Participant: 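Below is the structure I would like to discuss, written out as structure tokens.
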Amino acid sequence: MNLCQNCNKAPATVHLLDIVPPDGEKRERHLCERCASEEGLTSQQHESINQILNTFIKKASGTKESTDLVCPQCGMTFREFRSQGLLGCPNDYTVFEKVLSPLIERAHEGATHHVGRSPNAGNIAPTKHSRLAKLRRDMKEAIEIEDYETAARLRDQVQELETEIQ
Amino acid sequence: MTIEELIQDVGAWLAGDGPYSDVVVSSRIRLARNIAGFPFLSKAGEDERRQIFRVLTDCIGDMDLGRDSLLIDIEETEEINRQVLVERHLISKQHAEGEGSRGVAIGAGEQRALMINEEDHLRIQVLRSGLQLSTLFEEVCQIDDTLGQCVDFAFDQRFGYLTACPTNVGTGIRVSVMLHLPALKLTNQLEKTFRAAKELRLAVRGLYGEGTDAVGDFFQVSNQTTLGKTEDEIVEHFGSDIIPKFVQYELAARESLLKDRLSMLDDKVWRAIGTLENARTISSDESLFLLSHLRMGVSMGRCTSVDVSRINEMFLRTQPAHLQKLQGRRLDGEERSIIRADYLRGMLGIDSQN
């Protein structure tokens, strides 16, 4: 593998064909991930959970309403959660639900509901939510491989199940 | 059983056997749980911590954790022994260094470790050698169900099992697999492999989990998403898709080394053996690095004088706390390096008197 033309250290994994004005001269460039990213040529890789938490929490904390939230059971404030990243008690999930939900969605690939095991439920029968989650994933996959017929059928099933749940 | 007895053996999960054991060192599944009606630990006072500790140890005490199980009150445990537990991967560094009432219950063969009052009230962990995720999943569910009959876990219809950190909410499951990837490293393909892992939303960490460096080409790969997928899906995806792919990449890299760069490969392996058999002082990092090359040589059939389980034992016993237990006293860095070198020469069959 060739080395990055810029730093000569890391392997070149980003390959570019530049058309340089004014005479449209073609120029090939081979860069490593880091140099390419520093030049703004590629987007950053996936954010870590902490980055997501931090950016999100900073944004959410901008609104006065959310910083003032406080759990009557454990006394945790949203401001405190923001600084330490840990909640104070199970009830915080209810008190902070509005501000927590988008954060949780981001940290869990867009998921909004639990679909797995539950205490004392025998833990076998799939819930409606888990069926819904599976249908949505299948639909997304169908769209990705451009199988629109299947996707349309799955969309109808998703809508049906959504009405049932509501 | 006591820690002193525990230390005589090497955990069964380090046996070096099980499916894909050329590449997969060990598998682990943990579930995060909290008891309903108590605050999470950040808001729990010492009284409440103690109550949680008592409730959980009572429940665990009623369970059969297997022969030679051991319940450890970490507050009451000397620092060196806490460090031993960290080196054996039974508790996290954070748990060893934390404060207040906390503990760990260890099951037979060190294949179960239930941490009490770590980040969550309870973290049920099960471990096995090689890639054995379905077995582990069955086992962890059984423990979860048994304990669930003894205490009520905090659970919410929408968010599932409630955890102190929202990144664990839902199933509270973390599946992690320890991989040995020396050939990907030698062929400069690690970065590419990890990029693929990140795209699959997996976390890649070093030998001792969160916040540790990758030493000796060992990496822990684990899931980050815990909500919106069933435990089965997560485990299945890991066991049948993700890990076999990593294994396949590593084996392909090993093949290419055997085919095209045999001398370079043998040189690494035999230099490692040469140093391990002859060094009179050796640091922890250097020994990890060389033992990794030795393990590679053994897994690839380039050297047969020692087996993987013995190498795993050397990995464990050359760690600082284990060396000090072996000597029965505190050792400074320089002394440790000397004792470590003595121990390695002994293990590799060279007379350590000279």
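Note on naming: letters A, B, ... go to the chains in the order of the sequence lines (proteins, then strands), and numbering restarts at 1 for each one. Since we're looking at a predicted model, the values are computed, not measured.
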Participant: Heavy-atom cut-off 4.5 Å, strictly under: side chain, backbone, both or neither for A:Q73 against chain B?
Facilitator: neither
Participant: Check for a donor-acceptor pair, side chain of B:N34 on one end and backbone N or O of B:D120 on the other, with a separation under 3.5 Å.
Facilitator: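 Not at all, since once roles are kept as given, no pair shorter than 3.5 Å links the two residues.
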Participant: Measure B:F155 against the heavy atoms of chain A and call it side chain, backbone, both or neither at under 4.5 Å.
Facilitator: side chain
Participant: Enumerate the ring pair (Phe, Tyr, Trp, His ring centres under 6.0 Å) contacts for residues 181-201 of chain B, please, sequence neighbours excluded, ordered by first and then second residue.
Facilitator: B:F194-B:F219
Participant: For B:E231, check side-chain hydrogen bond (donor to acceptor under 3.5 Å, both in side chains) against everything at least two apart and list the hits.
Facilitator: none
Participant: Flag the one option from B:T163, B:I234, B:I173 with the top tally of heavy-atom pairs under 4.5 Å to chain A.
Facilitator: B:T163
Participant: May I ask you to check whether the SG atoms of B:C150 and B:C59 are separated by less than 2.5 Å?
Facilitator: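 Cystine link detected, SG atoms below the 2.5 Å cut.
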Participant: Considering residues, nucleotides and ligands other than B:Q142, do more than 12 of their heavy atoms fall under 6.0 Å from its CD?
Facilitator: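 Counting neighbours around CD of B:Q142, 12 or fewer heavy atoms of other residues, nucleotides or ligands fall under 6.0 Å, so no.
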Participant: Tell me, out of B:F159, B:F38, B:F153, who's got the most heavy-atom pairs with chain A below 4.5 Å.
Facilitator: B:F159
Participant: So which part of B:A154 gets closer than 4.5 Å to some heavy atom of chain A, the side chain, the backbone, both or neither?
Facilitator: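 The side chain, not the backbone.
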Participant: In terms of heavy-atom pairs under 4.5 Å, which option from A:C74, A:C71, A:A111, A:G88 contacts chain B the most?
Facilitator: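 Ranked by heavy-atom pairs under 4.5 Å with chain B, first place is A:G88.
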